[in-house]
Structures are given as structure tokens and as C-alpha cells.
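Encoded as C-alpha cells, the structure appears first; notes follow it.
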2 protein chains.
Amino acid sequence: MSKTTYHHGDLKNALIRAGVEILAEQGVSGLSLRQVALRAGVSHAAPYAHFADKQSLIAAISTDGFLRLYDEIKTAANAHRTNPPQQLLETARTYLEFATKDPARFKVMFSGVLEQEKEYPEFVEASKKNYEMLVEIVQTCQAEGFLPTGPAELAAISIWATVHGLAALALERQIPHTLLEQHSRRDLLNHALQTYFVKR
Amino acid sequence: MSKTTYHHGDLKNALIRAGVEILAEQGVSGLSLRQVALRAGVSHAAPYAHFADKQSLIAAISTDGFLRLYDEIKTAANAHRTNPPQQLLETARTYLEFATKDPARFKVMFSGVLEQEKEYPEFVEASKKNYEMLVEIVQTCQAEGFLPTGPAELAAISIWATVHGLAALALERQIPHTLLEQHSRRDLLNHALQTYFVKR
DNA sequence: ACCTGAACACCGTTCAAGT
DNA sequence: ACCTGAACACCGTTCAAGT
């Protein structure tokens, strides 16, 4: 009980963790800078020593989210190296599960942070890692004849859009319940992705 | 200058219009109940005579948006009755343009309103109209052999997810600019939807 | 029935001050 | 360098009161 004059040595990360917890417990509308500070045990002005503003904290939470998503997808990809089409399906399923497991965090990751391109380079970087891994998986599928030849980036964006759209529509409860009664989200995903594969 | 003791006969719709204007001019973060009231020329408490809370106003703005989207898509569909695959492409393009034309309104339509299922039946109704029109277009394409046979609802959700995902990723600037330099959003859309059509 | 003005609790942000 | 407390402008919501 001597050295740390203040609260932590790493308030910045404590604030990010507090934000993630609040998102999980109370949703997007519960995420206020003052509540984050309270949960981290500091005054409401303390976060400004580490983040320029609320947008900046949200960018940090999003970046953290993209890195975790990358880890999960990478694990799924490594588990299915021998079967490229299944590798694609399983990584997509991991993406969908990431979204449904923690909807508020997923929403924050894909909204809110405007003009990121210039303002938050780590955010852009973390997001790009996921995209590039998808491009690699697509290229493997193409090389082994499971996906049609052509620019891998084009195919990757189409597939990402399909998976992301399914996640977004599911989170917003836009998928008719008559469909959800007959098919699991996983079935819907598999069905949507089947169209991309080469028939043989 | 005699009969209307107060401001309008139709404050409710004036508030919705004011909200839509603010969204277009200032984005989602600019949409406050007090600013909406100010723009409509009433006190900040007046909206509560017509809407239970801010969520309820947002639900009304979203419902209005879905009805306008329906009109635009219906017009596009009618213009391409003779060519089912092009009908599908053009309605999808209309959806994508609706999103990019007024990003803040589109974001509000597909977020924010939680637990709608029970709370805002007109919202669910307006959203369902769009889905049902898509199912009809898909059925026409199937009947004429342009889409594979099978449950039209499954194909419709896949296609909707692809188009919606493309719109969402574009709005969040998640599509790499290297891709956007080479391909217009319309090209990306056409490329993604080509995979659904029967090859022949 | 429809609207106003005051009031309350909450929020993001700034800033002088403390260690 | 890192944090606090007071202050300011803004917000959503309620409520008594006015027509």
C-alpha cells in the first residue's frame, strides 16, 4: 500500500473493460462515460486523462472487440484447415455467434464511430485484420476449386456482406419468426452460403 | 387567424417530419426530442402529448421510413415487370440507394427500437410489407427458372441479408477503399447477387 | 384535448486545483 | 502525469397549471 498514489496503473484498460461489461449488462443506451468511470472506481472526469472524448472510448472498445473477434475466428479457421468449405462455414458461424453472444458490443463496433478512417487508425487496422483473413480463406477455397475463380476481394465482400447482414437482421429482430421457428440461425447461414460454392 | 388555439392541427406528423430533417442534417446524434420540438415550434414537453417517449417517436420515424422505402421499391419493381432478374437487381439497388441517400435515417430504422415485436405493431407491419414484396419477386424468378427452386422465404432472407449487409458495411465505411476505387457500390451489388441466379 | 414552464435526474465536457 | 470537484450546457421525463 505504498507506491500507487492513485487508483490503478492501467486505468485506460480498466475503462475499456468497464465499458464492455456495461454493454453486456445494460445495452448500448446504458453506456455513459460517467457510469464507466464509476464502475472503474474513479471520478467522472478521470477518463479524459486517457480518452479525448466518448467517441474515443467507443473506438477503443470497438478495436478491442475486433481483436477478440479476430482471435475467435482464427481459432475456428485453424480447427478446419483440412476442409476449406467447412473452414469458411465455421468462421462465418463464429462471426454470427460473436454478434448474438454480445449484441450491444457488436452494435457499437458497427456504428457510432464516424470518420474513423482518419481519426482512429488502430480501429481501422483491427478491422482490416479480419477482412484479410477472410480473403485468405476465400483464396484457399478458390485454389481447391470450391469457389469460382475471380478476384478474391470481390467474393470476400459478397460473403462478408451476407454473413454480416444475417447478423444485423437477426439482432434487429427483422427475420420473421415463422422462419426462425423452422430454421436455426445456423441453418439460415448455411443455406445462404451454399449459393457461393461451386456445384459439382 | 381564429380557430387553431395552438400551433398545428397535426403536430404528430410535424414532429416526425422535423425528426427526419434533423437526421438528414445532423445525423443520429443530433436527434433529440427537445430539438425536434423546437423545430416544430412547440415547447419541449409538447411531444409527450403524442408520443409516450423518445423511443416511440423513433418508432414512428422508422415506420414512416419503411413505408417510403416500400413505395420506392414498388416503383422500381413495377418498372421491370417483364424481366424478373433485372427486377430483383433494380429493387436491391433501390434499397442500397435508400440507405446511402439518407444514412442516419437508415441507421435509425435498423437500430434503437428494442422489443418492437410487442411495442410497435405498425413498425413490424411496415417492415413486413417490404419482406413480403421481396418474397413475391423471388417467387416470380423461381417460376421462370432464374432462381433455384425451394422455399422462397429462405432465398429471400439470404438475398435480403446480402443487400442489407452491403448497405450496412458501406455506411460504416468497412468496405476497403481499394475495392471502392475499382468498383462502384452498384457493381459490388450486382456481383454479389449474380451468385444467386441459375447459371445457363 | 393540447400545450407551457418549472423542476429533477442524468449526461458530456471543461477547467482550476490538488498530489 | 494522473486524478478530483465544481461548473456549464444539454438532455429525457414528469407534473401542475393554463386554454
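Convention: sequence-line order gives letters A, B, ...; per-chain numbering from 1. In what follows, every heavy atom counts, from backbone to side chain, and hydrogens, waters and symmetry copies are set aside.
- Partners of Glu25(B) by salt bridge (charged side-chain N to carboxylate O under 4.0 Å, His left out), not counting sequence neighbours, listed by chain and number: Arg39(B).
- Residue Ala45(A) places its side chain closer to dT4(D) than to any other of dT4(D), dC3(C), dC15(D).
- Checked for salt-bridge contact, Arg68(A) and Glu72(A) miss the test: no charged N lies under 4.0 Å from a carboxylate O.
- As a whole-Å value, the separation of Leu38(B) CG from dG5(C) C1' is 15 Å.
- Within 6.0 Å of the CZ atom in Arg93(B), the count of heavy atoms belonging to other residues, nucleotides or ligands exceeds 12.
- Straight-line distance from the CZ atom of Arg34(B) to the P atom of dA9(C): 15 Å, rounded to whole Å.
- Looking at DNA chain D, the stems built from 3 or more consecutive Watson-Crick or G-U wobble pairs, each pair with its key distances under 3.5 Å, are C:4-8 with D:12-16, C:12-16 with D:4-8.
- When each of Tyr131(B), Phe106(B), Phe98(B) is paired with His164(B), the ring pair (Phe, Tyr, Trp, His ring centres under 6.0 Å) condition holds for Phe106(B) and for no other.
- To the nearest angstrom, P of dC11(C) lies 17 Å from CD of Gln55(A).
- As a whole-Å value, the separation of Leu33(A) CG from dC10(C) C1' is 13 Å.
- Across all strands, His44(A) comes closer than 4.0 Å to base atoms (heavy-atom distances).
- A salt bridge does not link Lys129(B) to Asp71(B): none of the charged nitrogens lies less than 4.0 Å from a carboxylate oxygen.
- A heavy-atom distance below 4.5 Å is found between the side chains of Ile73(B) and Leu69(B).
- Ile137(A) pairs in a side-chain contact (heavy atoms from CB on, under 4.5 Å) with only one of the listed residues (Gln87(A), Glu90(A), Gln142(A)), which is Gln87(A).
- The nearest whole Å value for the distance from the NZ atom in Lys12(B) to the P atom in dA1(C) is 16 Å.
- When distances are taken from the side chain of Lys54(A) to each of dG12(D), dG12(C), dC3(D), the shortest belongs to dG12(C).
- The side chain of Tyr48(B) has dG12(D) as its nearest neighbour among dT13(C), dG12(D), dT4(C).
- When heavy atoms are screened at a 4.0 angstrom cut-off, Ser32(B) is found touching the sugar-phosphate backbone but no base atom.
- Remark: C1' of dG12(C) and CD of Gln35(A) are 13 Å apart, rounded to the nearest angstrom.
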